[in-house]
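Just so it is clear, the model here is predicted, and its values are computed rather than measured. Reminder, nothing fancy here: chain letters follow the sequence lines and each chain counts from 1.
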Protein chains: 2
Amino acid sequence: MSNLNGNNVSASIAAEKLASSSGNNPLLRTCPQNPAVSCSSCRLADLCLPISLNQNEISQLDEIIERNRPLKKGEHLYRQRDPFRSVFAVRSGSFKSYVLNADGQSRVTGFYMPGEILGMDGIGKREHMNSVMALEHSSICEIPFTQLEKLSQQLPNLQSRFFSIMGNEITKDQEIHTLLSSYSAEERLASFLLSLSARYARCQLSPERFLLHMTRGDIGEYLGLTLETVSRVFSGLQKKGILRVKNREIEIVEMGTLKALVQ
Amino acid sequence: MSNLNGNNVSASIAAEKLASSSGNNPLLRTCPQNPAVSCSSCRLADLCLPISLNQNEISQLDEIIERNRPLKKGEHLYRQRDPFRSVFAVRSGSFKSYVLNADGQSRVTGFYMPGEILGMDGIGKREHMNSVMALEHSSICEIPFTQLEKLSQQLPNLQSRFFSIMGNEITKDQEIHTLLSSYSAEERLASFLLSLSARYARCQLSPERFLLHMTRGDIGEYLGLTLETVSRVFSGLQKKGILRVKNREIEIVEMGTLKALVQ
DNA sequence: CGTAGTGTTGAATTGAATCAAGTGTCGTGG
DNA sequence: CCACGACACTTGATTCAATTCAACACTACG
């Protein structure tokens, strides 16, 4: 049995749905990294920067966006202390951001999925505070920041949208603050899974069944737990019948009970 | 003996220096809450929003800023779920932001000192995610956000400045994330004191001797510790000769050793 | 002067970390 | 296509840092 149900979810979940659809061109559909796909035809547009821009505004944004070559698993988008030039929108795949402390240990500061914006850790000090690594084969749109600033001067909607995106990042970080300062291991992991679930749903993927592209160690570093504790809590939630866990494949069997764990 | 050295630091530290000086008007000097003090004459201007604006730009900013009545200790500036209208700059005093969870427990999400910007927790969802309470008699400048957005359209420097401020907030929140996910109680408290110390220095106050305006419980809620642990760590650091602690008065005796604790 | 809020300290408890051993999985190159 | 090695993961036993529970002291304020 290769997975929870005896058929291969990995392939079906991962590949198909995240492709940026490009109208009726079937070739583009199968190639989510196609650099020709514009914001206006990108199926992630309503999760991403262009939201609340009109057609004309979107095409102006389109012009400053660079669609780079895709990154392989393990490749870095940027590293700690790199000069800040751009923010990035995830087109497909996923990323982790992390910092290395003095004795070389890493701590994961975030995970990023399609439609989410990356790189705002560099805006304050004009230097990236995190490193960002692809967790799987992934592609991104690069938005040079000085050009984004210039365009925001001309498009009030874009300025407003970017203030909102940064505001949401602040809100999200403060939620993690309270999570880490008062939740138990089980509550942290439940909350983490619910966050992933909601974000998969945003991408039109199943909120009940998905793949983790990060390791138990990554999750532990993010949640302030050891990888052993993460593993034990997964086992515990499975024993209670709330989850089914098979390696990186997660099925949330009792969504309500899981939600009740974090109130 | 009323404090560490037998004289009253509380009064001298707290009152005098934080006043927004107003050139050569001695009356304004003694009244930090004077609503007439403009950005251009405010001694906090170079910590605050106006930095990198020229005289003309500052006076445009000045026009949209409302200087409200001061808040007494324990009063709220805004509460969780209040509609978002403005961000605020702390003029004098200090504030804590906090959230209440389902069972009525509070968790502190931040402390704010003169020159720092407050209220960005509302930008994303147009609704405040935190409550904010004055920790002492305090005053603020209110900056209506829609007007700030409008003015940012006209003043590229202001837009850029506000992007930076929000970027720094994100960076700060991520630093707390790594603090909470991997530091011991002692490391957390050391890091907290060093942060306060640096921020007092920014306000032209002593980085070695200052007053805590928050309770041990507030600090614990912020750092993810119980108030008993906070108290024990203070005692421990005092026993090691790194600090002198007398109620809310802190003296950092060995700054180097304290810094070494967090590497 | 009394009381509520704040802070300290001790003893017992506990949740998660650490240490350790072993299994499972995946990608690579022969 | 299989074997190998490197990672990734699980589970158990033990330890430990911080919490919890409890008693008491201090301070500040009406």
Colleague: Minimum heavy-atom separation for A:Ala89 and A:Ile117, please, with both atom names.
Modeller: CB-CD1, 3.9 Å
Colleague: With the side chain counted from C-beta on, respond yes when B:Gln263 and A:Asp103 share a heavy-atom pair under 4.5 Å apart, and no when they do not.
Modeller: yes
Colleague: Taking only heavy atoms on the protein side, list every residue of residues 177-187 of chain B lying under 4.0 Å from any atom of DNA chain D, sorted numerically.
Modeller: B:Ser184, B:Ala185
Colleague: Taking atom CZ of A:Phe88 and atom CZ of A:Phe95, what is their separation to the nearest 0.5 Å?
Modeller: 9.0 Å
Colleague: Reading DNA chain C from 5' to 3', where do the contacts with chain B start and stop? Cut-off is 4.0 Å to heavy atoms.
Modeller: C:dT6 to C:dA11
Colleague: Hey, mind stepping through A:Phe111 and A:Phe192 against ring-ring contact (aromatic ring centres under 6.0 Å, His included) and telling me if it holds?
Modeller: CA-CA 11 Å; A:Phe111 296 108; A:Phe192 174 70; 5.7 Å; yes
Colleague: So, taking the atom named CD in A:Glu251 and the one named NZ in A:Lys246, what distance separates them when rounded to the nearest 0.5 Å?
Modeller: 13.5 Å
Colleague: Have a look at B:Arg188 and say if it touches a base, only the backbone sugar-phosphate, or nothing, with a 4.0 Å heavy-atom cut-off.
Modeller: nothing
Colleague: So which atom in B:Leu193 and which in B:Ile252 form the shortest heavy-atom distance, rounded to 0.1 Å?
Modeller: O-CD1, 4.5 Å
Colleague: Check whether any side-chain N or O of B:Ser181 sits under 3.5 Å from a backbone N or O of B:His177 as a donor-acceptor pair, and report yes or no.
Modeller: yes
Colleague: With a 4.0 Å heavy-atom cut-off, tell me which residues in residues 222-232 of chain B come close to DNA chain C, sorted by residue number.
Modeller: B:Leu227, B:Glu228, B:Ser231, B:Arg232
Colleague: Does this structure show an ion pair linking B:Lys172 with B:Glu116, if we count only N-O contacts that are shorter than 4.0 Å?
Modeller: no
Colleague: Could you list where the contact with chain B starts and ends along DNA chain D, reading 5' to 3', using a 4.0 Å heavy-atom cut-off?
Modeller: D:dA18 to D:dT27
Colleague: Considering all heavy atoms of both residues, which atom of B:Ala190 and which atom of B:Leu258 are nearest to each other, and what is their separation?
Modeller: CB-CD1, 3.8 Å
Colleague: Say you draw a straight line from OG of A:Ser138 to NZ of A:Lys73; how long is it, rounded to the nearest 0.5 Å?
Modeller: 10.5 Å
Colleague: Taking five pairs at each end, how big is the angle between the two axes of the helix from C:dC1-D:dG30 to C:dG30-D:dC1, to 10°?
Modeller: 40°
Colleague: Can the ring centres of B:Tyr98 and B:Tyr222 be said to be less than 6.0 Å apart?
Modeller: no
Colleague: Please list, chain by chain and in numerical order, all residues satisfying side chain to side chain contact (heavy atoms under 4.5 Å, CB included) with A:Ser184, sequence neighbours excluded.
Modeller: A:Glu186, A:Glu187
Colleague: When you check the gap from the basic side-chain N to the acidic O, do A:Glu249 and A:Arg244 get nearer than 4.0 Å?
Modeller: no
Colleague: I'd like to know if B:Lys96 and B:Glu221 make a salt bridge, using a cut-off of under 4.0 Å between side-chain N and carboxylate O.
Modeller: no
Colleague: For the residue pair B:Leu189 and B:Ile219, establish whether any side-chain heavy-atom pair is separated by less than 4.5 Å.
Modeller: yes
